Amino acid sequence: MAIIIDGKAIAERLRNDLAKEVAELAQSNNIPGLAVILVGDDPASRSYVASKDRACQKVGIHSRQIHLPAATREDELLALIDELNRDSAIDGILVQLPLPKHIETAHIIEAIHPDKDVDGFHPYNLGRLASGAPCFQPCTPLGILRLLDETGIDLAGKNVTVVGRSNIVGKPVALMCLARHATVTICHSRTRDLAQQIGRADVVIAAVGRPQMLKGAWFKEGAVIIDVGINRVEGKLVGDVEFESAVQRASAITPVPGGVGPMTIAMLLANTVESRKRSIAARQ
Ligand code: GUN
């Protein structure tokens, strides 16, 4: 019987630990602050941003929510980021993606000061991640690694197959697994025989954004399956993995919802607290 990896419970434990840390920081007037910028009103983005705000409240992090109209110009957004870069009450700046088409995402990400880039999307942080230097690491990949650690899964020498090559999940999680000494394969839309690649994997990380695309029969007996997908199908959330059949083969698997999702936000909070601690250390 597969272990169902309870991301919700693990995230709650992490939040409780963070709340204690924030309370200690508050005693020296060092409450961490996170600015979250949403441009436009995409319903999914609105809901993610609201969850981030609630999570901040729960652990005592100061959260500044900034909602801008969809027609906001790139230079206006850059000016806001510049202001937040210089605001000592703000330790993390997150611009919710995707942005409206008239705004160049790379310009925005590169405008965020790398020391406040709690999403870990800035090329400075991604470059440091690739070279194995300390940096802010993207929240979903961090959450995935934390789930594996908490479940006692050691990646050294394992075949890890990542499905999806996004800058937010696929590429960084592949680098992080490599740093843990895994043999990493990255699959994507042009991969020839996906089922065969999946069948060789000890650990599969699915981040494609297509409902139930990975079929249970493809997985190796005893595989560890991490499902990053959050797809809405007929009002219900489903992952990228066909859970009912995959759970029969897996040794451990994350559910959707309640697997990777809650961890992403917990890691955002952890990065924000870390950012504050780094700025305190830099002042001393
Ligand atoms: N859109 C989807 N996931 C993310 C994320 O982790 N960070 C940001 N900023 N936008 C997102």
Side-chain angles (χ1 to χ4, degrees), residues 7 11 14 33-56 61 63-68 70 72 74 77-78 80-81 84-85 90-101 103-114 116-126 129 135-147 162 164-176 205-210 226-232 237 239-240 256-257 259-272 274-275:
L14 289 174
L34 174 69
V36 177
I37 305 171
L38 172 65
V39 185
D41 42 27
D42 172 68
S45 290
R46 277 183 89 96
S47 135
Y48 292 143
V49 163
S51 311
K52 288 167 187 175
D53 187 42
R54 277 196 303 275
C56 281
I61 290 176
S63 151
R64 193 184 304 170
Q65 299 273 308
I66 304 164
H67 290 190
L68 300 173
T72 302
E74 186 174 302
L77 185 52
L78 289 171
L80 172 63
I81 290 171
L84 295 167
N85 279 339
I90 296 298
D91 302 287
I93 303 170
L94 181 148
V95 179
Q96 187 66 28
L97 303 179
L99 285 166
K101 296 233 172 341
I103 297 176
E104 191 68 57
T105 303
H107 293 171
I108 302 306
I109 289 175
E110 287 172 32
I112 297 170
H113 194 288
K116 297 193 178 188
D117 172 37
V118 285
D119 251 336
F121 294 168
H122 193 288
Y124 173 86
N125 283 315
L126 271 177
L129 178 64
C135 60
F136 281 121
Q137 302 185 348
C139 304
T140 300
L142 260 185
I144 292 169
L145 282 245
R146 193 63 175 257
L147 286 179
V162 178
R165 54 173 158 179
S166 71
N167 289 335
I168 294 183
V169 185
K171 283 184 212 166
V173 83
L175 288 170
M176 288 159 75
I205 300 172
V208 268
R210 289 181 183 271
I226 305 293
D227 191 349
V228 185
I230 302 179
N231 310 288
R232 203 169 284 278
L237 291 183
D240 293 344
V256 177
V260 176
M263 293 299 289
T264 296
I265 299 190
M267 291 299 135
L268 172 67
L269 304 178
N271 275 352
T272 305
E274 176 63 27
S275 178

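In each ligand, atom 1 is the first atom listed, and ligand 1 is the first ligand listed. As the structure is a computational prediction, the values presented were derived from the model and not from experiment.
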### Task
Compare every heavy atom of A70 with every heavy atom of P100, then report the nearest pair and how far apart it is.
CG-O, 3.7 Å

### Query
T140 and V173: side chain to side chain contact (heavy atoms under 4.5 Å, CB included), yes or no, with the steps?
CA-CA 8 Å; T140 300; V173 83; over 6 Å; no

### Query
Between N125 and P114, which heavy-atom pair has the shortest distance, and what is it?
ND2-O, 3.2 Å

### Min side-chain heavy-atom separation C139-D119 under 4.5 Å
yes

### Query
Who are the residue neighbours of ligand 1 when the rule is a heavy atom under 4.0 Å from any of its atoms?
L94, V95, Q96, L97, D119, F121

### Task
Give a yes or no answer on whether the side chain of D240 reaches the backbone of V208 with a donor-acceptor pair at less than 3.5 Å.
yes

#### Entry: For S166, side-chain hydrogen bond (donor to acceptor under 3.5 Å, both in side chains) partners two or more places apart
none

